[in-house]
> 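Mind having a look at this structure? Questions to follow.
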Amino acid sequence: MTKPILPGEVAAAVVEPEAYGEWNDLHEKLAWARANAPLAVAENAAFDPFWLVTRHADVMAISRDPQRFANGIRPTVLTNRDGEALARAATPNHDGHLIRSLVQMDAPDHMKYRLLTQSWFMPKNLKIVEDRVRHHARAAVEHLLSFDGECDFARDVAAHYPLRVIMDILGVPPEDEPLLTQQLFGSTDPELNRSREAITDAEQAIAMLNFVIADFENYFRTLTADRRAGPREDIATVIANASVDGGQIPDRELAGYYMIVATAGHDTTSASTAGAMMELAKDPALFERFRAAEADKAGLIEEAIRWTTPVQHFMRSAKEDVEIGGQTIREGDWLMLNYVSANRDEDIFDAPNRFDPDRPKNQQIAFGFGAHVCLGQHLARMEMRILMEELLPRLKSVELAGEPARVESVFVGGLKRLPIRFEAA
Ligand code: HEM
């Protein structure tokens, strides 16, 4: 059977950072793919062909089958052909993974490493850190109020609070945060990357990444030595003193572990937090309803996570031939799990393009599914709930004060600008 091929404009949209800045256009193209070619091949000159997976059911089916759809074989984030070749040349074993974290691992390593910290991120343990999270939420609210009626919520509030929380839990003091900023993610966007220049070719991107990774590694090497000498109540202590297969975690995996926790936990939660605020600022009735201290915030938060889908995709590679969604995937084929599309799938969500905090059972898949399902999902929800609990009653009104703008990034996306005008309560 011949493979269905996507029209060029759909294939182009899912690989171009700029397309993720134009969210509505992107959604139209993804809706077309779901209706007409839900599992079809994207061909672009600079990229190896890959299957674009747009339906919720297919994203779930692939995610729940890590034996046949692996993370470790090819890049887990879309990378162009030159970039992958350069990364393979630049990595031990030529595996192309500049970082080796949970995300790049398959069985049996993946579970061994995941279990080291999994209980830290479970709701029961998170209760223990709730007071610390609330402390950071209150500081974020005071910071917002200091702006005297107008600010850029994405830049001035949403970007900082989840970073502070994850750094606290990890064990990084506030004065070290500037060393570990947003640059690993969103780095194709010229407004956000280190050089403030557009990253136009793979060599530049790899050099930039290696630079950032080297900074991270140096920093966490010192932190590890410190926590081995003096354990504390933080994740750095767990990671630094953990053993795998009877020995200490090797350097590469150690650095990968810190990096995935440090980076996965903030831009993502920031994006959903800013997205929630945008909807509240656009809709005074919604704001009034959730502003009430007794209003349960769970539906608002779950819908904001679906609505924003900050992790826009992850890639998988087929380890054998598999029949799925009416197509034959061949061993070695590369697949893009497009969470942005799956979260607007009309087979799962009524009126998917409506922001609706009252969805009876929100089956959003923004945290992925299966063996690699987001380790920090309960923390992300808790952070957002606590911020909303602390922030909304302190405001009398909020509205948009300018045009919001999105990050131009294929991987982690969200608002980079959200100008708001507010009145303190
Ligand atoms: C993995 C999304 C917040 C840590 C993932 C995955 C997604 C995701 C889609 C991959 C799932 C899969 O492959 O099936 C999100 C979103 C967040 C968020 C949308 C916020 C709204 C966090 C936070 C942390 C975190 C706060 C804190 C530590 C991780 C880690 C993994 C992961 C460590 C790798 C898990 C593995 O491969 O076993 N996340 N995440 N994330 N996330 Fe999150």
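Both counts, for ligands and for their atoms, begin at 1 and track the order of listing.
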> Would you mind listing which atoms of ligand 1 come within a distance below 4.0 Å of any non-hydrogen atom of Arg114?
35 (C), 36 (C), 38 (O)
> To check your reading of the model: name the closest protein heavy atom to atom 37 (O) of ligand 1, its residue, and the distance in Å.
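Answer for atom 37 (O) of ligand 1: His372 ND1, 2.7 Å.
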> Sequence neighbours left out, what pairs pass side-chain hydrogen bond (donor to acceptor under 3.5 Å, both in side chains) with at least one residue falling in residues 28-39?
Arg34-Ser341, Arg34-Glu346
> Quick test of your reading of the model: are Glu390 and Arg394 salt-bridged, counting only N-O distances below 4.0 Å?
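Arg394 and Glu390: not salt-bridged.
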> Counting from 1, what ligand 1 atoms have a heavy atom of Ile166 closer than 4.0 Å?
27 (C), 28 (C)
> Which option, Tyr339, Phe121, Trp120, Phe314, owns the non-hydrogen atom nearest atom 6 (C) of ligand 1?
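Going through Tyr339, Phe121, Trp120, Phe314 one by one, Phe314 has the nearest heavy atom to atom 6 (C) of ligand 1.
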> Of all residues at least two apart in sequence or in a different chain, which pass the salt bridge (charged side-chain N to carboxylate O under 4.0 Å, His left out) check with Glu399?
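With neighbours one apart ignored, the set is Arg421.
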> How close do Lys319 and Ala70 get, counting heavy atoms only, and between which atoms?
CD-CB, 3.6 Å
> Going by atom types only, do Arg114 and Gln118 share a side-chain donor-acceptor pair under 3.5 Å?
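The answer is yes; a qualifying pair exists.
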> Does Ser270 reach the main-chain N or O of Ala158 with its side chain, forming a donor-acceptor pair under 3.5 Å?
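Yes; at least one donor-acceptor contact below 3.5 Å.
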> N/O to N/O below 3.5 Å, does that happen between Phe369 and ligand 1?
yes
> Please identify each residue that fulfils side-chain hydrogen bond (donor to acceptor under 3.5 Å, both in side chains) with Asp234, with sequence neighbours left out.
Arg227, Thr237
> What is the nearest protein non-hydrogen atom to atom 34 (C) of ligand 1, stated with its residue, atom name and distance?
Val103 CG2, 3.7 Å
> If you look at every heavy atom in Arg232 and Asp226, which pair is closest and at what distance?
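For Arg232 versus Asp226, the nearest heavy atoms are NH2-OD2, 3.9 Å.
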> Using a strict 4.0 Å cut-off to heavy atoms of Ile260, name the atoms of ligand 1 that fall inside it.
33 (C)
> Please say whether the positively charged group of Arg330, taken as NZ for Lys or CZ for Arg, lies over the ring of Trp51, i.e. under 6.0 angstrom from the six-membered ring centre and within 45 degrees of the axis.
no
> Check ligand 1 against Ser272 and write out every atom of the ligand that is under 4.0 Å from a heavy-atom position of the residue.
21 (C)
> Quick test of your reading of the structure: of Ala366, Pro310, Ala371, whose heavy atom lies closest to atom 2 (C) of ligand 1?
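When every heavy atom of Ala366, Pro310, Ala371 is considered, Ala366 comes closest to atom 2 (C) of ligand 1.
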> Heavy atom of Gln364 under 4.0 Å from ligand 1?
no
> Can you tell which part of Thr308 has a heavy atom less than 4.0 Å from ligand 1: side chain, backbone, both or neither?
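No part of Thr308 comes within reach of ligand 1.
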> Number the atoms of ligand 1 from 1 as they appear, then name those within less than 4.0 Å of a heavy atom of Arg316, with their elements.
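Going through ligand 1 atom by atom, the ones under 4.0 Å from Arg316 are 12 (C), 13 (O), 14 (O).
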> Verify the distance criterion only: is there a donor paired with an acceptor across the side chains of Asn362 and Arg306 at less than 3.5 Å?
no
> Does ligand 1 have an atom under 4.0 Å from some heavy atom of His110?
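Yes.
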> Quick check on Glu233: does its CD atom have over 12 non-hydrogen neighbours (other residues, nucleotides or ligands) under 6.0 Å away?
no
> Near atom 43 (Fe) of ligand 1, which protein N/O/S atoms fall under 2.8 Å?
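Sorted hits: Cys374 SG.
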> Any donor-acceptor pair under 3.5 Å linking the side chain of Thr117 with the backbone of Trp120?
no
